[in-house]
Amino acid sequence: MDLSDTTEVEVARRAARRRRTGARVALYGLVLAFTGMAAFPFVWATITAFKRNQDLYNRANNPFVFNLDPTLEHVDLLLSGTAFPTFARNTLLVGVLVVAITLALSLPAAYSLARLDMPWGGAMGIAIFFVYLIPPSLLFISLSRVVATLRLQDSVWALVVLYPTITVPVSVWLLMGFFKTIPREIEEQATIDGYSRFGAFARILVPLAFPGIVAVVVFAFTLSASEFIYALAFVARTSEKTISIGVPTELVRGDVFFWQSLQAATVMVAVPIALVFNLFLERFITGFTMGAVKG
Amino acid sequence: MSTPPATAAGTAGTAEPGGRYLLDRKGFLARVMLLPAVVYIVALVAVPFFLAIAYSLSDVTVGDPSFDFVGLRNFATVVGDPTFRRALLNTVLITVVAMALVVVLAKVLALVLVQDFRGKWVVRLLVLLPWTTPTSLATIAWVWLLDSLFSPIDWVLRQLGLLEGNLYWLGNEGLAMTSVIAVQTWRIVPLAAVIIMAGLSAIPSDINDAAKVDGAGFWRTLFEITIPMTLPVIAVATLFGAIVVFTDMAVVFVLTRGGPVDATQVLSSWAFFRGIQGGDLAQGAAIALFLFPVLLVFAVLILRSAKRMEVM
Amino acid sequence: MAIVEVRALTKHFDGDVHAVEAVDLATTDGEFLVLLGPSGCGKTTLLRMIAGLEEPTAGDVLIGGNSMAGLPPRARRIAMVFQSYALYPHKTVLQNIVFPLKAAGMAPDERRRQAQWAADLLGIGHLLDRKPRHLSGGERQRAALARALVREPSVFLLDEPLSNLDAKLRATARDDLKLFQRRVGTTTVYVTHDQVEAMGMGDRIVVMDKGRVRQVGTPGDVYRHPADTFVATFLGSPPMNLVRRDDVVVGFRPESFLPKGVADAGAEALTVSFHVHRVEYLGSERHVIGTVEGLGEETRVIAMLPATVSVDVPVERSHEFVVAAGDLRFFDVGSGLRTERQRL
């Protein structure tokens, strides 16, 4: 193109404008498509949660609108007529304890592997990574014996004990990445200022790894809330179930699903978790990549 | 994976009279700080893992927990069972098809999410929902979406005149498999997209600017710059996703219970039905162990890709 | 070849950050124009707007006399070298250099020939098969230049291309770059914060501060006749001495401030009493640091004596120093702008 030719420049400018508009349209089209695909089941769930039975169970009705007035009776039923509050309590209990155990085990282990330069550190790091790849579906059968031996069957405590086996390897990996980004000089300064190496770890490094700790907390908590296989295999008593297993197995009477209450439960659990994740997404991404790249 | 010998820690401690500076000794601290995590994992991962191998070579059942060595008999029985072969095939099919879809969709979604547009926060929230929602609950939403009578998808098809009556999504073999693959793809795409986004944002902005100045348009930049530079991350995202899909049982269990008539059974769910519900722990363990060699390959591939990420 | 012109060019980033404020500039054909200023003065933003990488908030960029508004970088026939060089890490040097040619749709063997020509011109013809991570800093810089040069653009835009080189390499790279630009004769806009680079390479220098142009002129112009106190103190090392006297600021360069009798300062020379605190001996020159008395407010100033001046200057004593009348500059106290010559 000759830049001193005014008409040629004008033609190029028009082409560029067309392309820009096209790109914008394509972008918003894709945004809408992806959002629609991702959210459609939840939109449907939300509409369902407020529908009356006569409205919902009529094949002739348009399912996407309220043909009869919306109602809160099914949400009410979920909160006061089912074991859902118990499931929620159990989930919170398991989540909090699993987060605590995960941090207590993985913070020191990550520090040891990232900073104490033992000759076996690298191999150990890889070994821990491989542990992550031995999934619950491979272990739950033999674990049923271990759980029975520990007299934890049919108890929420079985989950408290077992979930850290999934969260600890990932968290160690993740925290190692964070520890490696903290300059060694800071730690050395603390030892010169009169702290032991362990003191430097506890007072300086742990606070500095805070973003990594946040990532671990979010990860460990959501994992405890979502895990399915162990919960299904080891907990059968209603009063001990978590949301992940209680909702799909208990909100049925005989062969009849409480569809509206089920969908209400799904949305009530899904939205808060997604909000928390969205809030910490950047941190999570950096945590993940640092662990992966620097591990 | 081995626990450090206790004697080594002991001598390290006594070398310093009174052990006053114990908390300054690297060797001592390294072992003591790592030990709890290692003990925990050995007790609850390594032990059950070897126990699973032992089970698979025995005749242990829930009713008769006594351990008799039977060699490879369980594996022979399991492999001879058509349902197992179906489950193995399904597991591979679901993983391969879902991941092929995930690579393309996640790459596109990641490219979309790094752009600037209005309402990005809400869009990100909604797009993440399938991944952040506990799998069993997300699948419940799908069970209702694919209901045999009240599926809104069927209703739309009926309104468009494309369908009379119902499709019975989860009652028909082909449609049930399609549904399982769709749900797996749907929930893994956000995870993979988030990982790929991390790779995209790690490309220095100068590189993208240089490509613009060098005259590259969108497609050339995509195929010659963006994709080659994020290839290791895409590989990692795909492999992580593949592991999740490959070992998952929640989707199948909630969506179809393996049905209709075991048509959507996968290794994990079949191991559960056989080992826990059927009480045949030995066979269940043997079925689950078929996951292991594939996982090992995934793990090695992930580590390789991670190495390449470091080099770039 | 082309002339680059910007008119009332303005860039505000979200909120209140005024990166570039109503800048008017024009190069001549084949000129080497340097944008000089401290970091954050808006010079890189200005360059990126010329490239089309940044959309102006207001104003216009013209290349070859036509407005570039709405045109993407690739339609502007520009080439740019980034501070980081921005070489594509997964491509070899050859693949990097041919990338712009490929985008322009050139035939493969023609591409190859052109790339070889550019690489040989910059002395990296033997490195074509290497990946960027196996190159030294200097070689990377050359590879980036080759990539910029290869499609014979009408304008070169260079963003601190030497700042990642070590000091020794930088001096030779400066020579090479200037010689190279003179040979190809392409209009070049060069951004730097290093006044030595600016003075040494620029046909003209644009001094910028806080998003505005403070002065445009040849290196001699901006050094000898600074338009305001910012330019006076930004250029020169050590910078111009400024002494406030009532409502004017009197300025003089350290090298013009000499002990009385060392040089013939002419009849109208200004003689002041200089109380010396400290002398720094730097080999080729001496810096004499002290306070001027009786000129205006007592101010710390520096005199720079070349090694050829061997007069002894004892510390903690006052000496008579002179400045030739022609070397005095005057600035307004309020605005900092240069004002009429005054009698002292």
Side-chain angles (χ1 to χ4, degrees), chain A residues 27-28 30-31 34-35 38-39 41-42 44-45 48 59 63-64 105-106 108-109 111-112 116 118 127 130-131 133-135 137-139 141-144 146 162 165 168 172 196-198 222 225-226 228-229 233 243-244 247-248 259 262-263 266 269-270 273-274 277-278 285 288-289 292-293, chain B residues 1 23-24 26 29-30 33-34 36-37 40-41 44-45 48-49 51-52 55 109 112 115 117 123-130 132-137 140-142 144-145 149-150 152 155 194 197-198 236 243 247 249-250 254 268 271 275-276 281 284-285 288 291-292 295 299 306 309-310:
Chain A
L27 174 66
Y28 278 94
L30 283 170
V31 167
F34 273 106
T35 316
F42 295 99
W44 175 228
T48 303
R59 283 179 65 221
F64 300 106
L105 290 174
S106 56
Y111 175 74
S112 168
L116 295 174
M118 290 295 116
F130 272 87
V131 169
L133 298 172
I134 303 180
S137 31
L138 220 156
L139 300 176
I141 292 194
S142 46
L143 269 174
S144 64
V146 177
L162 288 180
T165 60
V168 166
V172 168
S196 68
R197 204 168 253 289
F198 184 79
T222 41
S226 333
F228 185 75
I229 298 182
I243 285 179
S244 154
V247 171
W259 280 119
L262 268 174
Q263 302 311 323
T266 301
V269 174
I273 295 183
F277 248 96
N278 208 11
I285 294 179
F288 179 85
T289 39
V293 175
Chain B
M1 205 166 46
L23 289 184
D24 284 298
K26 271 191 172 185
L29 268 185
M33 292 175 82
L34 190 61
Y40 200 92
I41 286 170
L44 292 172
V45 177
F49 179 64
L51 198 58
Y55 272 17
L109 178 57
V112 167
Q115 305 292 323
F117 53 86
V123 166
R124 215 171 65 168
L125 179 80
L126 293 175
V127 164
L128 283 180
L129 268 175
T132 56
T133 306
T135 314
S136 60
L137 295 190
I140 281 278
W142 276 90
W144 177 229
L145 186 67
L149 287 178
F150 303 107
W155 184 84
V194 163
M197 261 168 80
V236 166
I243 290 176
T247 62
M249 79 171 275
V254 175
S268 313
I276 302 285
L281 293 176
L291 294 169
F292 189 66
L295 288 173
M309 270 200 295
E310 232 166 324

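- When every heavy atom of A:Arg197 is checked against every heavy atom of B:Leu29, the shortest pair comes out as CB-CD1, 3.6 Å.
- Taking every heavy atom of both residues into account, B:Thr133 and A:Ala270 meet most closely at OG1-CB, 3.2 Å.
- The candidate from B:Val123, B:Thr247, B:Leu149 with the greatest count of non-hydrogen atom pairs under 4.5 Å with chain A is B:Thr247.
- Between A:Trp44 and B:Trp144, the angle of the ring planes stays under 30°, which puts this pair in the parallel group of the 30/60° scheme.
- In this structure, the separation between CD on B:Gln115 and OH on A:Tyr28 is 10.5 Å, given to the nearest 0.5 Å.
- For the atom pair A:Leu116 CG and B:Leu34 CG, the distance stands at 9.5 Å (nearest 0.5 Å).
- Scanning both residues, A:Leu105 and B:Pro36, for their nearest heavy atoms gives CD2-CB, 3.5 Å.
- Distance alone, capped at 3.5 Å, is enough to place a donor-acceptor pair between the B:Ser136 side chain and the A:Ser244 backbone.
- Between B:Pro134 and A:Ile273, some side-chain heavy-atom pair lies under the 4.5 Å cut-off.
- Counting only heavy atoms from C-beta outward, the side chains of A:Val31 and B:Phe117 approach each other to under 4.5 Å.
- With a 4.5 Å cut-off on non-hydrogen atoms, A:Ser144 touches chain B through its side chain but not through its backbone.
- Across all their heavy atoms, B:Ala285 and A:Ile141 have their closest contact at N-CD1, 3.5 Å.
- Side-chain contact between B:Pro152 and A:Phe64 is present, with heavy atoms from C-beta onward closer than 4.5 Å.
- For the set A:Ala45, A:Ser106, A:Pro135, A:Pro108, the entry with the most heavy-atom pairs within less than 4.5 Å of chain B is A:Pro108.
- In this structure, B:Leu295 and A:Leu138 have side chains that are in contact, with non-hydrogen atoms separated by less than 4.5 Å.
- Only the side chain of B:Ile276 comes within contact range of chain A, judged by heavy atoms closer than 4.5 Å.
- Among B:Leu145, B:Leu126, B:Thr135, B:Val112, the residue making the largest number of heavy-atom pairs under 4.5 Å with chain A is B:Leu145.
- Heavy-atom distances place the side chain of B:Leu128, and not its backbone, under 4.5 Å from chain A.
- Using a 4.5 Å cut-off between heavy atoms, A:Phe198 touches chain B through backbone and side chain atoms alike.
- Interface remark: of the candidates A:Asn278, A:Val146, A:Val168, A:Ile243, A:Asn278 forms the most heavy-atom pairs closer than 4.5 Å to chain B.
- Contacts of B:Ile243 with chain A are made by side-chain atoms alone, with heavy-atom separations under 4.5 Å and no backbone atom involved.
- Counting heavy atoms from C-beta outward, B:Thr132 and A:Thr222 have side chains that stay 4.5 Å or more apart.
- Chain B forms the most heavy-atom pairs under 4.5 Å with one residue out of A:Ala274, A:Ala233, A:Ser142, and that residue is A:Ser142.
- In this structure, chain A has heavy atoms under 4.5 Å from both the backbone and the side chain of B:Val127.
- The candidate from A:Leu162, A:Leu30, A:Leu262, A:Thr48 with the greatest count of non-hydrogen atom pairs under 4.5 Å with chain B is A:Thr48.
- Contact record, A:Ser112 with B:Met33: CB-CB, 4.1 Å, taken as the closest heavy-atom pair.
- The most heavy-atom pairs under 4.5 Å with chain A, out of B:Leu125, B:Leu291, B:Leu51, come from B:Leu125.
- Nearest heavy-atom pair, B:Pro130 versus A:Phe42, reported as atom, atom and distance to 0.1 Å: N-CE1, 4.1 Å.
- Atoms CZ and CG, from A:Phe277 and B:Leu129 in turn, are 12.0 Å apart once rounded to the nearest 0.5 Å.
- The backbone N or O of B:Val45 sits nowhere less than 3.5 Å from a side-chain atom of A:Thr165 that would complete a donor-acceptor pair.
- Only the side chain of B:Tyr55 comes within contact range of chain A, with heavy atoms under 4.5 Å apart.
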